[in-house]
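Worksheet: one structure, shown below.
This chain uses plain numbering: 1 for the first residue, then up along the sequence. What's counted below: heavy atoms across the whole structure, side chains too, no hydrogens, waters or symmetry copies.
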Amino acid sequence: YFNGAIYYGGSSDAIRQFTLSASGATLATQSANTLGTAGATPVISANGTSSAILWALDTTASGGAVLNAYDATNLAATQLYSGAVGPTGKFAVPTVANGYVYVGTNSGLAIFGLLP
């Protein structure tokens, strides 16, 4: 949940954003690409309620695990990043802290972010 919306990354499906209202949930946007068979647990990083980035680790992508980043307000229009991570557990979830994204791999820790 973030800023009045929920995000879902289902098995072999796009990542979807649903806005919430008193009458229920409405699909607002979805990513252009689809996830592998394990789906993904979306993680949001933001500066308060602005500059939100949705991070999704596709552990069952063709060719190995891939970390994807999207503009959380418009998943269809703006994919910010997509890159290989290395072998991970099937249900691994990225962790965001102090401006970095951390992903546990089978042999260590992959860290993504700007260099100091």
Restricting to non-hydrogen atoms, name the atom on [X] and the atom on [Y] that form the minimum distance, rounded to 0.1 Å.
X: Thr60; Y: Ala38; value: OG1-N, 3.0 Å
X: Ala65; Y: Gly86; value: CB-O, 3.4 Å
X: Ala92; Y: Gly104; value: CB-O, 4.5 Å
X: Val85; Y: Phe112; value: CG2-CZ, 4.0 Å
X: Thr37; Y: Ser11; value: O-OG, 2.7 Å

Here's a test for you: under side-chain hydrogen bond (donor to acceptor under 3.5 Å, both in side chains), which of Asp58, Asn33, Asn68 qualifies with Ser82?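 Output: one option passes, namely Asn68.
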Counterpart residues, salt bridge (Lys or Arg N to Asp or Glu O under 4.0 Å), relative to Asp71 (two or more places apart):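 Partners of Asp71 by the salt bridge (Lys or Arg N to Asp or Glu O under 4.0 Å) criterion come out as none, since no residue qualifies.
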Any chance you could measure [X], atom [atom1], to [Y], atom [atom2], to the nearest 0.5 Å?
X: Ile111; Y: Tyr100; atom1: CD1; atom2: OH; answer: 8.5 Å
X: Phe18; Y: Ile6; atom1: CZ; atom2: CD1; answer: 6.5 Å
X: Ile15; Y: Tyr7; atom1: CD1; atom2: OH; answer: 11.0 Å
X: Thr26; Y: Gln17; atom1: OG1; atom2: CD; answer: 11.0 Å
X: Thr73; Y: Ile53; atom1: OG1; atom2: CD1; answer: 10.5 Å

Would [X] end up clustered with [Y] when hydrophobic side chains under 4.5 Å apart are linked, directly or stepwise?
X: Phe2; Y: Leu20; answer: no
X: Val101; Y: Leu80; answer: yes
X: Tyr8; Y: Ile44; answer: no
X: Leu35; Y: Leu57; answer: no
X: Trp55; Y: Phe91; answer: no

Between Thr105 and Ala110 (side chain of the first, backbone of the second, donor and acceptor by atom type, cut-off under 3.5 Å), is there such a pair?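 No; zero donor-acceptor contacts below 3.5 Å.
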Any side-chain to backbone donor/acceptor pair from Thr29 onto Ala76? Under 3.5 Å, distance only.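 Judged by distance alone, yes, a pair lies under 3.5 Å.
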